[in-house]
**Q** 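For reference, the structure I am asking about is given below.
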Amino acid sequence: MGDTQMKKIMVLNGPNLNLLGTREPETYGNLTLPEIGAMVKDHAKRQDLDVDFRQTNHEGTLVDWIQEAADEASGIILNAAAYTHTSVAIRDAIAAINTPVIEVHLSNVYAREEFRHHSFVSDKAAGVICGFGATGYVLALDAFASMLRAKL
Ligand code: DQA
């Protein structure tokens, strides 16, 4: 990647996050995913970062995108949603690449059902942010911005 090129952060969202806005708003808030995407992109501009914001309901597509990010992105912000708690394939994809991953959850998964307390992603991630709603994505972006600045 050339020095003059804007660094890219991929923001990958997993299953059912396309329903944000109407999905359990007491747990996930009222913002829609496109609204969160716009907020993150707006914040990225101020950090001189380029954001590629995506959502899929399919586990294999998340694996494909993580592999794609290995070549194209300086960091991945990943809300794998329910696959966080089930997917060895997503864990293996993260382990296979050098691009750092920040795991994000809108809700505080540790204050919820026990099956949400285990993540296949966390110990392969650079860090985890959960419980701050949509702000978590912005916090993750700030974390990447300072990590990337520290590397300059
Ligand atoms: C989630 C938490 C997961 O446990 C859940 O399956 C989701 C969303 C969150 O953002 O809080 O779909 O990742």
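Order of appearance sets the numbers: ligands from 1, and atoms from 1 within every ligand. Numbers for residues simply follow the sequence, beginning at 1.
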**Q** Do me a favour and list the nearest non-hydrogen protein atom to atom 7 (C) of ligand 1 with residue, atom name and distance?
**A** Tyr28 OH, 3.5 Å
**Q** Start with the C-alpha gap between Leu17 and Leu106, add the side-chain angles, then the distance that decides, and say whether side-chain contact (heavy atoms from CB on, under 4.5 Å) holds.
**A** CA-CA 10 Å; Leu17 294 172; Leu106 295 149; 4.1 Å; yes
**Q** Heavy-atom distances under 4.0 Å are what count here, so tell me which part of Arg23 touches ligand 1: side chain, backbone, both or neither.
**A** side chain
**Q** Would you say Glu114 has more than 12 foreign heavy atoms packed within less than 6.0 Å of its CD?
**A** no
**Q** Is the shortest N/O to N/O distance between Val109 and ligand 1 below 3.5 Å?
**A** no
**Q** Can you list the steps and then say if Asn13 with Tyr137 is a side-chain hydrogen bond (donor to acceptor under 3.5 Å, both in side chains)?
**A** CA-CA 11 Å; Asn13 293 285; Tyr137 290 85; 2.6 Å; yes
**Q** Pair Leu31, Met39 - check side-chain contact (heavy atoms from CB on, under 4.5 Å), show working.
**A** CA-CA 10 Å; Leu31 292 180; Met39 189 175 105; 4.3 Å; yes
**Q** What I want to know is whether Val104 and ligand 1 share at least one N or O pair that is separated by under 3.5 angstrom.
**A** no
**Q** Hey, what else clusters with Ile90 if you join Ile, Leu, Val, Met, Phe, Trp, Tyr whenever side-chain heavy atoms sit under 4.5 Å?
**A** Met10, Leu12, Leu62, Val63, Trp65, Ile66, Ile76, Leu78, Tyr83, Ile94, Ile97, Val101, Val121
**Q** Can a salt bridge be assigned to the pair Asp123 and Arg91 using a cut-off of 4.0 Å between side-chain N and carboxylate O?
**A** yes
**Q** Should Asn79 be counted as touching ligand 1, given the test is an N or O pair under 3.5 Å?
**A** yes
**Q** Closest non-hydrogen protein atom to atom 5 (C) of ligand 1, residue and atom name please, with distance?
**A** Arg116 NH1, 3.3 Å
**Q** Taking both backbone and side-chain atoms of Arg112, is any N or O found less than 3.5 Å from an N or O belonging to ligand 1?
**A** no
**Q** Using a 4.0 Å cut-off to any heavy atom of His85, which atoms of ligand 1 qualify?
**A** 3 (C), 4 (O)
**Q** Where is the nearest protein heavy atom to atom 9 (C) of ligand 1: which residue, which atom, and how far?
**A** Leu106 N, 3.4 Å
**Q** In the single-linkage hydrophobic clustering (I, L, V, M, F, W, Y; side-chain heavy atoms under 4.5 Å), do Val51 and Ile36 co-cluster?
**A** yes
**Q** Name the orientation class of the two ring planes belonging to His105 and His85 (parallel below 30°, tilted from 30 to 60°, perpendicular beyond 60°).
**A** parallel
**Q** Which residue and non-hydrogen atom of the protein lie closest to atom 11 (O) of ligand 1, and at what distance in Å?
**A** Ser107 OG, 2.6 Å
**Q** Closest non-hydrogen protein atom to atom 1 (C) of ligand 1, residue and atom name please, with distance?
**A** His105 ND1, 3.7 Å
